[in-house]
Amino acid sequence: MLDVTHDEWLRRAKSLQLSGAHYIDGIDESGGGAVFAAVSPRDGQVLAQVADGGAAEVDAAVAAARRAFDAGPWPRRAPAERGRVLVRIARLLEERREEVALTISLETGKPITDAYDIELRAAITTFRWYGQLADKLTDESPHTAPDALALVTREPAGVVGAVVPWNFPLTLASWKIAPALAAGCTVVLKPSENSPLSALLLGRIATEAGLPPGVLNVVNGNGPVAGRALGLHPDVDVLAFTGSTAVGRHFLHYAADSNLKRVWLELGGKSPNIILPDAPDLERAAATAAWGIFFNQGEMCTAPSRLLVHSSIAERVTEAVVRRARELRIGDPLDPVTEMGALIGEEHLARVRDHIDTGLRDGARLLTGGSRILTDTGGCFLEPTVFDHVDPGMRLAREEIFGPVLAVLAFDDLDEAVRLANDTEYGLAAGLWTSDLATAHRVSRALKAGTVWVNCYEEGDLTVPFGGMKQSGNGRDKSAHALEKYTELKTTWIQL
């Protein structure tokens with residue numbers, strides 16, 4: 001982390017110049033004149049007036065992307081040349097890391113340390129990784145009859161619509177944009193209306209890095225209007241979405257009602273984190289469980305929001321988690337010592353508090369937290385919250401809360417733990433703590449989740465795919481597998 005004081009971050013925040021114009025065809029576009037306020041959850045202050053896009057702006061962005069794909073140079077460039085542009089985007093993000101991290105911290109409420117060290121590292125690594133991968137992909141020539149030649153080529157799919165949420169605005173955008181660009185596609189990005197400013201900054205940085213006009217366009221607006229227009233647009237070939245399961249269903253309907261575009265979904269989660277008595281280090285397991293649910297204010301699709309603990313160690317582990325929750329430093333996101341910042345906004349804070357109130361009414365025991373704090377700041381701050389005595393049928397144990405709220409459930413044997421873990425409509429991620437190698441393999445296979453972490457949580461790099469099972473979605477971000485979403489396979493059979 002850069003050695004910048006709280007006072008210095010505050011000074012830089014005051015001098016930050018933020019533009020809310022759409023970014024279409026390589027230039028800023030004000031759109032039809034409608035605007036909405038980008039409000040910082042750290043203090044309720046307006047950061048910028050943002051152009052509010054609708055069908056007209058989406059049409060303009062898709063048209064620019066279509067021209068760039070059908071007649072522009074990007075899909076026709078050698079893969080190595082495309083890769084060099086992506087690497088330059090990574091380099092410019094590194095050079096402007098402080099500015100971009102500050103923008104993310106202000107618009108999302110996440111601690112500046114996390115924005116700088118984690119979010120920007122992920123985005124920079126993603127663009128660099130796919131830039132270096134771009135010319136490593138090969139076509140196939142299967143062995144066939146001696147009088148024929150078969151070729152299997154991988155071609156860019158076309159115009160990609162990408163719709164991303166606010167919790168990791170640059171990371172999740174880069175997971176979609178970088179492989180799509182590496183494959184030769186063009187992109188229209190619709191960021192969340194809660195975090196448009198960092199996405200707009202990325203669009204301008206990409207042009208500065210050498211991306212031709214129209215290859216990456218950014219349109220602001222809310223989901224029911226701009227998102228719907230993008231999902232229904234007949235000139236969008238692929239739609240990649242990260243967000244709630246409910247909204248994911250809408251995009252599947254949009255595809256069915258338009259051109260049957262391919263829709264790739266990374267959706268919600270209610271991830272279980274199983275701690276067995278033979279965990280190699282119970283204190284570390286408990287500390288990691290606390291970090292996992294409270295990191296990024298709990299606004300994580302993979303957050304281990306269900307802590308499943310063997311009854312013989314439940315009291316010890318729960319006490320350690322509660323102790324860590326009470327030790328967390330909650331405060332101004334621009335203070336480098338802050339460990340947990342503000343939730344994204346008043347509406348979301350109210351939803352999280354409703355889950356807490358429901359848990360109390362249902363009979364769960366509140367061990368710590370549950371209250372709004374730091375109200376004098378004007379920000380959306382909530383105490384880290386832990387419940388135990390949670391029944392598997394309670395709302396606390398079944399619905400994605402997307403906040404710093406942990407539900408602890410005890411179990412008596414391994415079969416019960418697996419049954420509880422899989423008793424959810426979601427299947428995004430899971431954790432398991434054990435010293436027994438056979439147990440690790442057996443349980444990992446039994447868990448219905450796209451990622452299983454053993455004796456850790458939220459670990460990995462760009463080499464491994466990420467995505468969900470069941471109602472947590474389809475397809476994969478990260479790794480070379482992500483390119484499968486943005487390419488088409490063509491078979492050419494030549495009779496000799």
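All of these numbers come straight from a predicted model, not from anything done at the bench. Positions are given from 1, in the same order as the sequence printed here.
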Electrostatic pair Arg204-Glu208, nearest N-O below 4.0 angstrom: no

Do Thr186 and Arg66 get their side chains close enough for a donor-acceptor pair, meaning under 3.5 Å? no

Nearest heavy atoms of Ser192 and Pro165, plus distance in Å: CB-C, 3.8 Å

Rounded distance (nearest 0.5 Å) linking atom OG of Ser195 with atom CD1 of Ile344: 6.0 Å

Heavy-atom side-chain proximity of Thr451 to Thr302 below 4.5 angstrom: no

Give a yes or no on whether the backbone of Asn167 and the side-chain of Lys110 come within a donor-acceptor separation of less than 3.5 Å. yes

Determine yes or no for a side-chain-to-main-chain donor-acceptor pair under 3.5 angstrom, with Ser105 supplying the side chain and Ala101 the backbone. no

Look only at the side chain of Arg91 and the backbone of Val87, and say whether a donor-acceptor pair between them is shorter than 3.5 Å. no

Answer yes when Asp135 and Arg84 have at least one side-chain N-carboxylate O distance shorter than 4.0 Å, and no when they do not. no

Is the backbone N or O of Gly214 less than 3.5 Å from a side-chain atom of Asn217, with the two atoms forming a donor-acceptor pair by type? yes

Restricting to non-hydrogen atoms, name the atom on Leu211 and the atom on Val85 that form the minimum distance, rounded to 0.1 Å. N-CG1, 3.8 Å

I'd like to know whether Arg372 forms a salt bridge (Lys or Arg N to Asp or Glu O under 4.0 Å) with Glu346, so could you lay out the CA-CA distance, the side-chain angles of the two residues, the decisive distance to 0.1 Å, and finally the verdict. CA-CA 11 Å; Arg372 183 173 187 171; Glu346 292 288 348; 2.7 Å; yes

Donor-acceptor pair, distance only, cut-off 3.5 Å: does the side chain of Lys270 make one with the backbone of Glu399? yes

Does the side chain of Val100 reach to within under 4.5 Å of the side chain of Tyr116, using non-hydrogen atoms? no

Any luck finding a side-chain donor-acceptor pair between Thr463 and Asp461 under 3.5 Å? yes

In short, side chain to side chain donor-acceptor pair (under 3.5 Å) pairs touching residues 35-47 with sequence neighbours left out are Arg42-Asp332

Shortest non-hydrogen separation from Ala90 to Arg128 and the atoms involved: CB-N, 3.8 Å

Heavy-atom distance under 4.5 Å between the side chains of Lys261 and Asp237, does that happen here? no

Nearest 0.5 Å, what's the CG-NE2 distance between Leu232 and His250? 11.5 Å

Please tell me if the side chains of Gln132 and Leu86 come closer than 4.5 Å, counting only heavy atoms from C-beta onward. no

Count the heavy atoms belonging to other residues, nucleotides or ligands that lie under 6.0 Å from CD of Glu327, then report whether that count exceeds 12. yes

Are any non-hydrogen side-chain atoms of Leu252 and Leu265 less than 4.5 angstrom apart? yes

Inter-residue atom distance Lys190.NZ - Leu239.CG, 0.5 Å rounding: 11.5 Å

Scan Asp477, Asn474, Thr242 and name whichever one has a side chain to side chain contact (heavy atoms under 4.5 Å, CB included) with Trp264. Asn474

Between Glu107 and Ser198, does any side-chain donor sit less than 3.5 Å from a side-chain acceptor? yes

Step-by-step ring-ring contact (aromatic ring centres under 6.0 Å, His included) determination, Trp175 to Phe466: CA-CA 10 Å; Trp175 282 5; Phe466 174 78; 5.5 Å; yes

Identify the two heavy atoms, one from Phe381 and one from Pro333, that lie closest to each other, and give their separation to 0.1 Å. CZ-CD, 4.1 Å

I want to check something: taking the side chain as every heavy atom from C-beta on, are Glu339 and Pro111 in contact at a cut-off of under 4.5 Å? no

Does Arg82 reach the main-chain N or O of Ala134 with its side chain, forming a donor-acceptor pair under 3.5 Å? no

Restricting to non-hydrogen atoms, name the atom on Ser472 and the atom on Gly268 that form the minimum distance, rounded to 0.1 Å. OG-O, 2.5 Å

Check step by step if side-chain hydrogen bond (donor to acceptor under 3.5 Å, both in side chains) holds for Thr358 and Arg361. CA-CA 5 Å; Thr358 300; Arg361 288 195 300 270; 3.1 Å; yes

Quick one: does Asn259's side chain have a donor or acceptor within less than 3.5 Å of a partner on Pro234's backbone? yes

Between Ile293 and Pro404, is there a side-chain heavy-atom distance shorter than 4.5 Å? no

Output, in order, the C-alpha distance, side-chain angles, deciding distance and verdict of salt bridge (Lys or Arg N to Asp or Glu O under 4.0 Å) for Arg228 and Asp257. CA-CA 11 Å; Arg228 180 177 184 272; Asp257 292 340; over 6 Å; no

When rounded to the nearest 0.5 angstrom, what distance separates CG in Leu93 from CG in Leu170? 6.0 Å

Gly203 and Val218: which non-hydrogen atoms are nearest, and at how many Å? CA-CG2, 4.3 Å

Keeping the roles fixed (side chain from Trp453, backbone from Glu459), state whether a donor-acceptor pair exists under 3.5 Å. yes

Between the side chains of Thr126 and Lys478, is a donor N or O closer than 3.5 angstrom to an acceptor N or O? no

CZ/Phe402 to CD/Glu299 distance, rounded to the nearest 0.5 angstrom? 6.5 Å

Quick one: pull up CG in Leu201 and OH in Tyr23 and give me the separation to the nearest 0.5 Å. 10.5 Å

Looking at Arg326, Glu383, Arg324, which hits side-chain hydrogen bond (donor to acceptor under 3.5 Å, both in side chains) with Thr368? Arg326

May I have the step-by-step check of salt bridge (Lys or Arg N to Asp or Glu O under 4.0 Å) for Arg262 and Glu484, ending in yes or no? CA-CA 11 Å; Arg262 283 188 290 163; Glu484 297 165 11; over 6 Å; no

Solution key, residues 46-65 side-chain donor-acceptor pairs under 3.5 Å, sequence neighbours excluded:
residue	atom	partner	partner atom	Å
Glu57	OE1	Gly54	N	2.7
Glu57	OE2	Gly32	N	3.0
Asp59	OD1	His233	NE2	2.9

Determine whether Thr424 and Arg306 satisfy the following criterion, side-chain hydrogen bond (donor to acceptor under 3.5 Å, both in side chains), listing intermediate values before the conclusion. CA-CA 11 Å; Thr424 174; Arg306 291 185 297 146; 4.7 Å; no

Can a donor-acceptor pair be found, under 3.5 Å and without considering hydrogens, that links the side chain of Asn220 to the backbone of Pro196? no

Students often mix this up, so state it plainly: with edges at 30° and 60°, are the rings of Phe251 and Phe241 parallel, tilted or perpendicular? tilted

Applying the side chain to side chain contact (heavy atoms under 4.5 Å, CB included) test to Phe168, which of Asn296, Asp114, Ile104 qualifies? Asn296

Does the distance from a Lys or Arg side-chain N to an Asp or Glu carboxylate O, for Arg96 and Glu99, drop under 4.0 Å? yes

Looking at Trp74 and Leu181, would you say the former's side chain and the latter's main chain have a donor-acceptor pair under 3.5 Å? yes

Kindly indicate, with the supporting measurements, whether the criterion salt bridge (Lys or Arg N to Asp or Glu O under 4.0 Å) is fulfilled by Arg329 and Asp335. CA-CA 10 Å; Arg329 290 172 291 194; Asp335 189 340; over 6 Å; no

Is there a side-chain contact between Phe127 and Leu202 (heavy atoms, below 4.5 Å)? yes

In terms of side-chain heavy atoms, does Gln471 have a donor or acceptor partner in Arg249 at a distance below 3.5 Å? yes

